[in-house]
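Throughout, a chain's letter reflects where its sequence line sits, starting with A, and its residues are numbered from 1.
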Number of protein chains: 2
Amino acid sequence: MEFKKNMFYITADAVVFTILSKELKILLIKRSHEPFKSKFALPGGMVNIDEDLEEAAKRELEEETGVKNIFLKKLHAFGEVNRDPRGRMVTIPFYALVDGEKINLNSTSGAEFAQWFSVYELPELAFDHKKIVDDALKHLRYEVKNTNIAVQLMPEDFTLSELQNAYEIIFNEKQDKRNFRKKIKELGILKAIPGTKMDGAHRPAKLYSFKEKGYKML
Amino acid sequence: MEFKKNMFYITADAVVFTILSKELKILLIKRSHEPFKSKFALPGGMVNIDEDLEEAAKRELEEETGVKNIFLKKLHAFGEVNRDPRGRMVTIPFYALVDGEKINLNSTSGAEFAQWFSVYELPELAFDHKKIVDDALKHLRYEVKNTNIAVQLMPEDFTLSELQNAYEIIFNEKQDKRNFRKKIKELGILKAIPGTKMDGAHRPAKLYSFKEKGYKML
DNA sequence: CCAAAAGTGTTAGTGATACACCCATGT
DNA sequence: ACATGGGTGTATCACTAACACTTTTGG
């Protein structure tokens, strides 16, 4: 692709969060071209002229991860003059939350390859993508506290310990078991599900599910 | 200006808040051209190709209001395909807070004229500017609660009642005088200033000032 | 019977809310 | 002296944080 010097280009990048192996991870792609060749960067790409911003982010993500119906939230635009040496790029980043078990990275199209990284052990990132990740993490934490987006990170049924684990990983701090359960029950966003889950030699845990799957302020 | 169909255009619009005559107001401009001719819209305009987004917003605002050094915060981009009939416009809105007394609207350049409107009695707005205003108001309230941006709305010295007034206007609800003063004092962001302010036949009020003028989380 | 995670209540502390009277001034 | 907004403290309530033992299972 060739870039003109007197034109704006709009890209939509995505910070895709998931929880895998008890860590909060984001999806990164190793760049196969200059600039920042062989550095890691956020998945994303050019917005087409006849495409909404969110549509573009969804399309790019689907191409990268093979996952449809991804939940996306807009972040602040980044548009410094020299953030990309090729031309005047303004990026509208989004952040997404997915259940890592459902993603199949092998379906990646093109020569680049995608990989999960712990948010606490990121490689050096291309462009100003580090700033975007920081912004996304801030927003993620805010929304996990104040909305029911955790829905997006959890499987259909889960135990209270699994949910607590997810919170601890996102906020990077231990929570008190009794207080956590009390708070969650008061919120009234979960419903008990008939079965139980066994996971080793100990008492089986009751299963729960979110009452509502739609985005909702608490 | 002529718009090409296969190009993105970036605009920076500003939602400028102030408090005037005991009301929370924003600055709007009556459009003198199509589309939306003679409707009101947010001040703003095209970002130049060699200009940062915030720089552009500052420049536009200075042209419209004659005020420099305006405090700006970025909002979410709006970029729906058909939000502007002339072409593919993506706007990066900002919101700004100013002390209304310092602004001189007569310095408006060009044929359009600027005017303050109460946020609770807005005229019909051009484009999707109503959505932008709503987003800005939400962010304003969040930040007034959690940061010291109120600095931007107040004159150098002020009385506690004046500050309380500003809060009541922004949140559109009465506050308890004693609780308000207690909370503010506990935050420790104000310092007492020697003089007093008289304003009618009653006890004069002590003057206060913000200790720090920079943006700060509380 | 031992190990390991599930499950369950109470107490203390902290911050938010509600509320009423005296003070200093100009007229 | 009176009208007007300035200034002050206390008691209650709601929410948050700290904390330990019993239960159920597999091995």
Side-chain angles (χ1 to χ4, degrees), chain A residues 19 21-22 141-142 144-148 150 154-155 157-210 217-218, chain B residues 19 21-23 141-142 144-148 150 154-210 217-218:
Chain A
I19 292 179
S21 327
K22 311 243 163 198
R141 286 177 174 157
Y142 175 80
V144 167
K145 272 214 177 81
N146 297 292
T147 76
N148 67 339
M154 303 300 295
D157 300 349
F158 50 87
T159 70
L160 291 179
S161 292
E162 284 167 352
L163 185 62
Q164 182 176 343
N165 246 307
Y167 274 73
E168 289 175 346
I169 288 164
I170 291 165
F171 293 102
N172 203 24
E173 62 185 22
K174 277 264 169 256
Q175 309 261 337
D176 179 88
K177 194 178 6 168
R178 281 176 288 191
N179 292 337
F180 180 80
R181 289 155 114 97
K182 194 192 312 170
K183 202 171 61 187
I184 290 288
K185 278 175 187 166
E186 274 167 7
L187 286 175
I189 57 176
L190 298 187
K191 59 179 182 218
I193 292 286
T196 58
K197 171 162 185 176
M198 273 303 306
D199 178 31
H202 51 80
R203 178 173 179 173
K206 285 187 196 149
L207 286 172
Y208 291 84
S209 176
F210 285 94
M217 270 291 182
L218 299 183
Chain B
I19 293 179
S21 328
K22 311 240 162 197
E23 289 188 289
R141 284 176 175 158
Y142 174 81
V144 166
K145 270 213 177 81
N146 297 293
T147 76
N148 67 340
M154 302 300 296
E156 177 60 32
D157 300 348
F158 50 86
T159 70
L160 292 178
S161 292
E162 284 166 353
L163 184 62
Q164 183 175 342
N165 246 308
Y167 274 73
E168 289 175 346
I169 289 164
I170 290 165
F171 293 102
N172 204 22
E173 63 185 22
K174 277 262 166 256
Q175 309 261 337
D176 179 89
K177 197 185 352 175
R178 279 176 289 189
N179 292 338
F180 179 81
R181 289 157 111 97
K182 194 194 308 173
K183 204 172 60 188
I184 290 289
K185 277 175 187 166
E186 273 167 9
L187 286 175
I189 56 176
L190 299 188
K191 60 178 181 219
I193 291 287
T196 59
K197 172 164 182 173
M198 273 304 304
D199 177 32
H202 52 80
R203 179 173 176 174
K206 283 185 198 151
L207 285 173
Y208 291 83
S209 178
F210 284 94
M217 272 288 183
L218 299 182

- prompt: Measuring from A:I169:CD1 to A:Q164:CD, what's the distance to the nearest 0.5 Å?
  reply: 10.5 Å

statement: Separation of D:dG7 atom P from B:D199 atom CG, nearest Å, is 12 Å

Under 4.0 Å protein heavy-atom contacts per nucleotide of nucleotides 10-19 of chain D, with B for base, S for backbone only and - for none: B------BBB

Stretch residues 159-173 of chain A: residues that reach within less than 4.0 Å of DNA chain D through a heavy atom: none

- request: Measure from CZ on B:F180 to C1' on D:dG7 and round the result to the nearest Å.
  value: 14 Å

- request: Assign a letter to each nucleotide of nucleotides 22-27 of chain C from its 5' end: B, base within under 4.0 Å of a protein heavy atom; S, sugar-phosphate only; -, no contact.
  value: -BBBB-

Separation of B:I189 CD1 from B:N148 CG (nearest 0.5 Å): 6.0 Å

Please table the atom pairs, donor to acceptor, closer than 3.5 Å between any side-chain atom in residues 172-182 of chain B and protein atoms at least two apart or in another chain.
from, atom 1, to, atom 2, distance (Å)
B:K174, NZ, B:E168, OE1, 3.4
B:D176, OD2, B:R178, N, 3.1
B:D176, OD2, B:N179, N, 2.9
B:D176, OD2, B:N179, ND2, 3.4

- prompt: Shortest non-hydrogen contact from A:T159 to A:L207?
  reply: CG2-CD2, 4.0 Å

field: Sugar-phosphate only, base, or nothing, as touched by A:K197 at under 4.0 Å among non-hydrogen atoms
entry: nothing

- request: Kindly say whether, by distance alone, the side chain of B:K206 makes a donor-acceptor pair under 3.5 Å with the base of D:dG6?
  value: no

task: Mind calculating the distance between NZ (B:K185) and P (D:dG6) to the nearest angstrom?
output: 13 Å

message: What is the distance, to the nearest angstrom, from the CD atom on A:Q175 to the P atom on C:dA5?
response: 19 Å

query: If you take all heavy atoms of A:K22 and A:N165, which pair is closest and at what distance?
result: NZ-ND2, 3.4 Å

- prompt: How would you list all residue pairs meeting side-chain hydrogen bond (donor to acceptor under 3.5 Å, both in side chains) that involve residues 191-207 of chain B, not counting sequence neighbours?
  reply: B:E162-B:K197

- prompt: Listed by chain and number, what are the side-chain contact (heavy atoms from CB on, under 4.5 Å) partners of B:L190, not counting sequence neighbours?
  reply: B:F158, B:L160, B:L163, B:I184, B:Y208, B:F210

query: Once you round it to whole Å, what is the distance between C1' of C:dA6 and CG of A:L207?
result: 13 Å

Spacing of B:L218 atom CG relative to C:dG15 atom C1', expressed in whole Å: 16 Å

